[in-house]
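Both ligands and their constituent atoms are indexed starting at 1 by order of listing.
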Amino acid sequence: MRTIIIPSEEDHDGKQMSPISLSQSLDSLLGSKSSLTTEWADSVRSIMNSSCGSPRSATSCSGCTNSSLASTSSSDGENVHDRQQCLSQEIANLESEITMLRTALGVSNSHRRSSLNQMLDLKGNIRVFCRVRPFLPNERNARPGPVTAPDVDWVKVPSARKEFEFDKVFQPNSVQDDVFAEVEPIIRSALDGHNVCIFAYGQTGSGKTFTMEGSKDEPGVVPRSLQRLFEEASYDTNVNYSYSLSMLEVYKGSLQDLLIARSTRNSDHVTKGLSIQMASKGYIEVENLTEVPIADAKEASRLYLKGSRRRSTAWTHANDASSRSHCLLRINIVSTSAHDNKKRVSKLWLIDLGGSERLLKTNAQGLTMEEGRAINVSLSALGDVISALQRRRPHVPYRNSKLTQILRDCLGEDSKTLMLVHVSPNENDLGETICSLSFATRVRGTHLGHELSADAEKEKATAMSELHRQMSVYESECQLLLNKINSLNALLSEKRCCLENVKSETMLPQQIPFTPDQQRIVSASITTPTSLSPTKKSEKPHETDFSATSPLKKVPRFMSPTASSRGKKSPGGDHTMLTQQPPMTFSSGYSRRILAAPKGGSVDSWRLGTKVDTRNVGTNSKRKLVERSPWPATVKKLDSAETSVCTTTSDGPQVTKSCNGKDTPTPTKFTELPANVLTPISISKASEEHYSRILAAERSISKLAVSVSSSARGSSPRSRRRLTMDCATMNGITKRFVF
Ligand SMILES: Nc1ncnc2c1ncn2[C@@H]1O[C@H](COP(=O)(O)OP(=O)(O)OP(=O)(O)O)[C@@H](O)[C@H]1O
């Protein structure tokens, strides 16, 4: 257990101090009336240094084997200088090793990419899978057998004496995992910079939406693909991926933005009509289409479900909730490789097509008939385009429908297209099933003598297995290199932290260079009436006057007292900073509300930081404003009478407060804490476990701020005291613990 020295009552008189644990020390601060002292600060600082692997710790600086260099009490300038040199050398070595590994990773990755590409080319840039749905509960009495899938790439319709070949056939008992396993390589191809289109095609009620969207328990291709995109982004730190999402439907030949509510969609001042534009190099853009940057798969799935709910559906004879339009989800992928700084832009389209239907059979009339006809026309146009591409015709009829115009740049030479044809096993649907299978065969383009000879088939299979083998070799090579890079990066940041610590040791607090921004924070916190300026503090008698004795006395305050502590604080309350680093500012409130919005207020007034009353703000309007805001913002509602607004601009966060309806602009600045940083721990639970968690979990704590405030409320001295610890880690994460 680490020990620190905490001054007891006698310590204040300069007597010997006893070494105790940090938990005892913190406990004692809560229970006793003593203020924070320099000794306490020093001892915690030494614990921080040893826990963060600072150069003071012999173990942390693996390269510095000279024990004298790692000595805790090193005040010797030469030793510090040697240590700095040693660390700088280690950092330079690590950096060059990482650069070399990154180059190797870039090479392996491009080999992997080209193998994958060759494999997909060999399989065909346009591939067609078929999924036969199982009988539904309401089809229990149906006769089995009209459609069978005897093999992995054949579908048979015995009664019509027809057989259809596909790249892959999913049997009725296949699950979503089976489908995604086959789709996944194509998603990876989108990540590698290719445009990709995945369509679900089939008659109404054959399971297109089930395959694409799935259910909560059986998620389909879309949620799995979104998940996969973000997994790749977190796994490959060598490439920086950013994604944005758009969603639209083609309904009766017109385009509708699905990320905009239906009620506001047609009002001119909110959204203009969508139009298809051809930009340079044949790049297609849909003008006025909403595009939302997405940060994680959860958010992306939420947007997708929101858009799906806005899709035009209706009851039909064939399906209770039949899709009456084509639903298109587009993910724009921008990837930048750290290896060559090359930027790749690609599009991934995930499309749930409207159900093909025979209007006579479905008895469709009126609007339903119109919708059905529009769907059939565009499906036929899509079939014509893909078929022309397959046959390498000089003219590809993209202009025959909106659907094919939008997808023009994703259906060509360098793109990958996957069509998932869905069929029903039911005898009643046999006519539609044969239509769908024939359409898919036409799309696949195998009926025109494209079949390979037995020898060619054999050669293809050998080439495929060789490419498979190469792919797995490159994949494991990439994985090894990535692991190595990640571990070296971790070591590098540790070394950099050590170097920073060594450098700061050589500086007197007065010499610490402040940026102009920090200087302003400093002045602001000194002039804030609620902050404890040294002058004010010395007016009140203290058991220990820290500001008078501390070598840190000139280090300005960096932590404003909490709103509650301002009200509750006794004159004896004390705040101190335990590092000689440039000051940090922390949130001054204990209750955090992220998001901002005045009900019906304008974004501009909110941006300017004018008073915003958040008391009656609904979650939706908050969200809307945040979505439209170019800056992250935080509103802190401190209590029912006091509202504090923080806007974050390029100058940093600005706070405006109002109390009982009166505006009190407070020039306080604070660093935004992530939403989950506030970890209130009740005093009864403030045990060894909690304290040790702070230090053990935060091995990389770089700064620690502790404030103790007292309140008039509370039955015991202990419950009247409030201890707040703000820990800032090397990687910029700030955590607050309140005891
Ligand atoms: N593979 C499957 N396993 C289990 N249930 C399925 C499967 N495929 C489809 N279903 C069920 O069949 C019904 C119709 O499916 P779905 O709505 O996906 O059809 P669809 O082709 O999208 O129809 P539409 O074109 O009219 O929108 C749904 O209740 C769905 O849950």
Exercise. Determine, for R224 against D177, whether the closest basic-nitrogen to carboxylate-oxygen distance falls under 4.0 angstrom.
Key: yes
Exercise. Taking only Lys NZ, Arg NE, NH1 and NH2, and the carboxylate oxygens of Asp or Glu, determine whether E231 and R188 approach each other closer than 4.0 Å.
Key: no
Only heavy atoms of [X], strictly under 4.0 Å: list the atoms of ligand 1 that pass.
| X | answer |
| --- | --- |
| L136 | 10 (N), 11 (C), 12 (O), 13 (C) |
| Q203 | 21 (O) |
| T204 | 23 (O), 25 (O), 26 (O) |
| R131 | 1 (N) |
| G355 | 25 (O) |

Practice problem: Could you label the plane-to-plane angle of the H111 and Y474 rings as parallel, tilted or perpendicular, counting under 30° as parallel and over 60° as perpendicular? | Solution: tilted
Quiz item: Name the one of L348, L226, L418 that satisfies side chain to side chain contact (heavy atoms under 4.5 Å, CB included) with I187?
Solution: L348
Self-check item: Sole residue of C130, S206, C435 in side chain to side chain contact (heavy atoms under 4.5 Å, CB included) with V423
Solution: C130
Practice problem: For the pair D257 (side chain) and L289 (backbone), establish whether a donor and an acceptor sit closer than 3.5 Å, ignoring hydrogens and angles. | Solution: no
Quiz item: Backbone N or O of E287 within a donor-acceptor pair of the Q277 side chain at under 3.5 Å?
Solution: no
Quiz item: Does G202 have a non-hydrogen atom less than 4.0 Å from ligand 1?
Solution: no
Quiz item: For M212, is the nearest heavy atom under 4.0 Å from an atom of ligand 1?
Solution: no
Quiz item: Given K208, E213, H422, which one has a non-hydrogen atom that is nearest to atom 25 (O) of ligand 1?
Solution: K208
Quiz item: Among G220, S206, G205, G207, which residue places a heavy atom closest to atom 23 (O) of ligand 1?
Solution: G205
Self-check item: Sub-3.5 Å N/O-N/O distance, R133 and ligand 1
Solution: no
Quiz item: Regarding K347 and the six-membered ring of Y283, is the cationic atom NZ or CZ under 6.0 Å from the ring centre and inside 45° of its axis?
Solution: yes
Quiz item: Side chain or backbone of P134 under 4.0 Å from ligand 1, or both, or neither, by non-hydrogen atoms?
Solution: side chain
